[in-house]
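Hydrogens, waters and symmetry mates play no part in the numbers below; they use all other heavy atoms, side chains included. Note on naming: letters A, B, ... go to the chains in the order of the sequence lines (proteins, then strands), and numbering restarts at 1 for each one.
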Amino acid sequence: TQLLEQSPQFLSIQEGENLTVYCNSSSVFSSLQWYRQEPGEGPVLLVTVVTGGEVKKLKRLTFQFGDARKDSSLHITAAQPGDTGLYLCAGLYNNNDMRFGAGTRLTVKP
Amino acid sequence: GAGVSQSPRYKVAKRGQDVALRCDPISGHVSLFWYQQALGQGPEFLTYFQNEAQLDKSGLPSDRFFAERPEGSVSTLKIQRTQQEDSAVYLCASSVQVPDTQYFGPGTRLTVL
C-alpha cells in the first residue's frame, strides 16, 4: 500500500511546456525526497527537502515542501525530451523508514 | 566499483524454485536496504541492515523471504518456493549512514512462471 499519493499517474506533454506533479500524504515526514527513475535503472536522487515551506531549485526543476510537511510538488519549466522518466517522491518517517509513492510517468515529446 | 551493483540483472524462475539475489553496496557504506518494486508501483521497503545487523525486516512479505549480510558488505536476498506474486524488480540501496542519501543499484528483475 502506497502511503504517498502521486498525481497525475501519467503525463504526456510537448517539448517546451511547463508541468507540475504532486505528492500528497496524510502523514508528516521528517524529510521528503524526489527521485527520477529510468527503465532498467534504480531511482536517482534529485533533491531532499526538510523544512516546511522549503523551495529548492535544480536548473529547470523547482521543488516545494508543504508548510505542514505532508505534501510536495515538483515543477518543471520548459520540459525537454531528456526529462522523460518516472518521478518518485519518498517520505522519511524515521531514520530508516522511507516510503515511496507510485510515481508519475512523464513523457516529453520532441 | 563506483556504484551499487546487483546480480543477476534478470532472473526467470519456475514456481516453487528458490532464488538468491546479490547486492554489492558502495564500499564503506554502513547501511543497506532492499526494496521490492512491482510493475507500475514505487519501491516498497523490505529490510534494512546496519553493517551485518538486520535492524528492520518488517517489510518482508512472508517467511519465504530471507536476507543476510554476514560480513557487513555484500548482501543476499533469498526467496524460497517462489510464487508468481513474487515477480517484481528487487532494488538494493546503500548509504553511508542513516538517514543519509540512499544510492540505488539497477535492480534484479525476477519473473516467476
Side-chain angles (χ1 to χ4, degrees), chain A residues 1-11 21-25 27-51 56 58 63 69 72 74 85-107, chain B residues 1-10 21 23-26 29-51 53-59 61 67 88-110:
Chain A
T1 302
Q2 310 285 167
L3 297 182
L4 285 144
E5 297 293 328
Q6 289 192 246
S7 60
Q9 188 177 357
F10 299 96
L11 185 57
V21 297
Y22 301 91
C23 174
N24 296 291
S25 176
S27 300
V28 176
F29 303 106
S30 55
S31 68
L32 191 140
Q33 301 181 327
W34 283 92
Y35 291 81
R36 180 164 163 258
Q37 186 177 22
E38 299 194 47
E41 299 295 330
V44 175
L45 181 67
L46 297 174
V47 77
T48 299
V49 285
V50 178
T51 306
K56 281 192 173 179
L58 183 65
F63 304 85
R69 305 207 318 269
S72 182
L74 159 59
L86 178 67
Y87 289 83
L88 295 160
C89 67
L92 192 66
Y93 284 92
N94 54 47
N95 279 348
N96 62 280
D97 191 356
M98 188 159 70
R99 307 293 179 91
F100 282 84
T104 293
R105 190 165 298 279
L106 172 66
T107 302
Chain B
V4 178
S5 60
Q6 294 186 244
S7 60
R9 290 294 312 274
Y10 303 91
L21 313 180
C23 172
D24 284 80
I26 294 173
H29 279 194
V30 168
S31 302
L32 185 146
F33 305 79
W34 282 99
Y35 294 86
Q36 180 190 60
Q37 186 173 22
L39 188 64
Q41 298 295 316
E44 295 209 11
F45 171 80
L46 293 177
T47 186
Y48 153 65
F49 290 86
Q50 185 163 316
N51 294 306
Q54 189 175 18
L55 299 187
D56 188 346
K57 55 181 180 180
S58 61
V89 174
Y90 291 85
L91 294 165
C92 174
S94 70
S95 66
V96 175
Q97 273 286 4
V98 289
D100 289 331
T101 299
Q102 294 185 24
Y103 296 89
F104 283 83
T108 294
R109 180 176 295 278
L110 172 65

Check whether B:Q50 gets within reach of chain A through its side chain, its backbone, both or neither, counting any heavy atom under 4.5 Å. neither
Partner residues of B:S7 under the side-chain contact (heavy atoms from CB on, under 4.5 Å) criterion, sequence neighbours left out: B:R22
Taking atom OH as the centre, does B:Y103 end up with more than 12 heavy-atom neighbours from other residues, nucleotides or ligands that are less than 6.0 angstrom away? no
Where does B:R109 contact chain A at under 4.5 Å (heavy atoms): side chain, backbone, both or neither? neither
In terms of heavy-atom proximity below 4.5 Å to chain B, should A:Q37 be classed as side chain, backbone, both, or neither? side chain
For the student: nearest non-hydrogen atoms of B:P43 and B:Q37, plus distance: CD-NE2, 3.8 Å
Verify the neighbour count for atom NZ of B:K57: are there more than 12 heavy atoms of other residues, nucleotides or ligands below 6.0 Å? no
